[in-house]
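What follows is a short report on a single structure.
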Amino acid sequence: MNSKLPQAGTTIFTVMSTLAREHNAVNVSQGFPDYEPTAELLELANKYLLGGYNQYAPMPGAPALRETISQLVTHCYGATPDPDKNITITAGATQALYTAIATLVHPGDEVIVLEPAYDCYVPAILVHGGVPVYSRLREPDFSVDWQDVKQKITKRTRAIIVNTPHNPTGAVFSAADLQTLAELVSDYGIYVISDEVYEHMVFDDRPHASVHRHAVLRDHAIVVSSFGKTVHATGWKIGYICAPEKLTTEIRKIHQFLVFAVNHPLQLALAEYLRVPEHYTHIHAFYQRKRDLLRRELADSRLKLLPCAGSYFQLVDYSAIAQERDTDLAVRLTKENKLATIPLSVFYHDQHDPHLLRICFAKQDATIKKAAEILRGL
Ligand code: PMP
Ligand code: GLN
């Protein structure tokens, strides 16, 4: 078999969650809540499941959900995407990102990837014959080295993928980052793929530096988001793409043959639920409290806590405890200490290992406390 992805194994999320189950470990590895969506949202899902909406949704997505997204973007960022011309509903952000990359990348095109990078970007680039060009985020705050990015732009550069708030580091962009990105886009004519799935999880009263806020970027960007994180329903796998009209036309040509349309009743439930801004505007406070609980619980441990400005992930530096590779430590902790985390090196193409583990705090307080107790014992 001539593999299209000869280097790819099974994703770290599946590996660690499987190991956690096998060893009955507390699982703060894969990013998903161990609590349910609100009863109100579940009742809406029920209403549409029982209400005769069980056949195909329209190809670009249910009009009601695209209208709701347009309102959400207006409410949060002051731009108003057209539901018909700019918004396409996808089977989660993973399909949205794959479709965005498939739309832009021709064989030989280069795509700038900031590392550590969420793990679905590079395989999609490779499958389409693209060439990932890596720029390392600067430790310990994981800010973008824009000078390095600029030096890596060539005639073949087609796009740059950005992600704020950032998985796995919890770093966020500032308005200055957006401005620098906009200058690169104007100077070099490249596209931006902006992964904003944690858009409602930016802490400490900072605004989310969304591409939606920036007129120049909006015209050159494919913005991707997902409802899984916002409504505590990662298993629903519904997300969306927001892009200029010309790009949307090309995106939908691919979308219609990749997935055609997305789960209809759940789109309608989300459309009705998210008409109420309070259903997304409180999410940052909900997760900030969980972040602070985890940080307090770990304050007197031997782990060093890195800054966490957004997302639902906290990085910890374990160099005072162990010198082994992060992948070895993550496996050992799961088997011996009954705690599953995610090693950072898997998000680097060269397995760079700054001795960091990622902890997901989208967990019940009791789970966070149990995880912290194990970590304090190290
Ligand atoms: N991008 C990032 C940064 C993510 O963390 C995730 C998943 N948690 C995704 C994309 C994929 O989202 P979805 O589950 O909606 O496919
Ligand atoms: N995005 C989630 C994480 O970072 C996992 C999603 C998945 O398992 N594909 O943990």
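These values consider heavy atoms only, across backbone and side chains, with no hydrogens, waters or symmetry-generated copies.
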Check each of D145, D350, D148 against R136 using the salt bridge (charged side-chain N to carboxylate O under 4.0 Å, His left out) test, and report the only one that passes. D350

Do side-chain atoms of N86 reach the backbone of D82 as a donor and acceptor pair under 3.5 angstrom? yes

Heavy-atom count around K370 NZ within 6.0 Å, excluding the residue itself: above 12? no

Determine, using ring centers only, whether Y77 and H208 are less than 6.0 Å apart. yes

Donor-acceptor contact below 3.5 Å, side chain T74 vs main chain S70: yes

Do other residues, nucleotides or ligands put more than 12 heavy atoms under 6.0 Å from D300 CG? yes

Taking T341's backbone N and O only, do any of them form a donor-acceptor pair with R358's side chain (distance below 3.5 Å, no angle check)? no

Run the side-chain contact (heavy atoms from CB on, under 4.5 Å) test on L298 and I359 for me, step by step, so that the C-alpha distance in whole Å, both residues' side-chain angles and the decisive distance to 0.1 Å come before the verdict. CA-CA 12 Å; L298 289 178; I359 297 168; 4.3 Å; yes

Side-chain contact, heavy-atom cut-off 4.5 Å: L126 with L5? yes

Report yes or no: is the cationic atom of K363 (NZ for Lys, CZ for Arg) under 6.0 Å from the centre of the six-membered ring of F32, at an angle within 45° of the ring normal? yes

Judged by atom type as modelled, is there a donor-acceptor pair below 3.5 Å linking the side chain of D109 to the main-chain atoms of H106? yes

Does the side-chain contact (heavy atoms from CB on, under 4.5 Å) test come out yes or no for K290 and F286, once each step is laid out? CA-CA 7 Å; K290 288 196 179 290; F286 175 83; 3.6 Å; yes

Could you check whether any side-chain N or O of N163 sits under 3.5 Å from a backbone N or O of P165, counting only pairs where one atom can act as donor and the other as acceptor? yes

For P132, is there any backbone N or O sitting under 3.5 Å from a side-chain donor or acceptor partner on E110? no

Does the side chain of W146 come within less than 4.5 Å of L181's, by heavy atoms? yes

Please state whether the rings of Y56 and F260 are parallel, tilted or perpendicular, taking 30° and 60° as the class boundaries. perpendicular

Tell me whether E272 is salt-bridged to R275, with the criterion being a basic N under 4.0 Å from an acidic carboxylate O. no

Is the number of heavy atoms from other residues, nucleotides or ligands within 6.0 Å of CZ (F347) greater than 12? yes

Do Y287 and Y312 have ring centres separated by under 6.0 Å? yes

Between A57 and A261, which heavy-atom pair has the shortest distance, and what is it? O-CB, 3.3 Å

Could you check whether Y198 and T230, counting side-chain N and O atoms only, form a donor-acceptor pair closer than 3.5 Å? no

With the threshold set at 4.0 Å, does a side-chain nitrogen-carboxylate oxygen contact exist between K150 and D187? no

Is there a side-chain contact between I112 and V149, using heavy atoms and a 4.5 Å cut-off? yes

Using the side-chain contact (heavy atoms from CB on, under 4.5 Å) rule, take V162 and S194 through it: C-alpha gap first, then chi angles, then the decisive distance, then the call. CA-CA 5 Å; V162 298; S194 184; 3.7 Å; yes

When you look at NZ of K152, are more than 12 heavy atoms from neighbouring residues, nucleotides or ligands closer to it than 6.0 Å? yes

Apply side-chain contact (heavy atoms from CB on, under 4.5 Å) to Y273 and T38, showing your working. CA-CA 10 Å; Y273 186 71; T38 62; 2.9 Å; yes

Backbone N or O of G61 within a donor-acceptor pair of the R66 side chain at under 3.5 Å? yes

Which class fits the ring pair H200 and Y280: parallel under 30°, tilted 30 to 60°, perpendicular over 60°? tilted

Are K229 and F227 in a cation-pi contact, defined as NZ or CZ under 6.0 Å from the six-membered ring centre and within 45° of the axis? no

Are the ring centres of Y35 and H232 closer than 6.0 Å? yes

Would you say that I69 contacts I89 through its side chain, given a criterion of any heavy-atom pair below 4.5 Å between the two side chains? yes

Quick one: does L306's side chain get under 4.5 Å of V316's, heavy atoms only? no

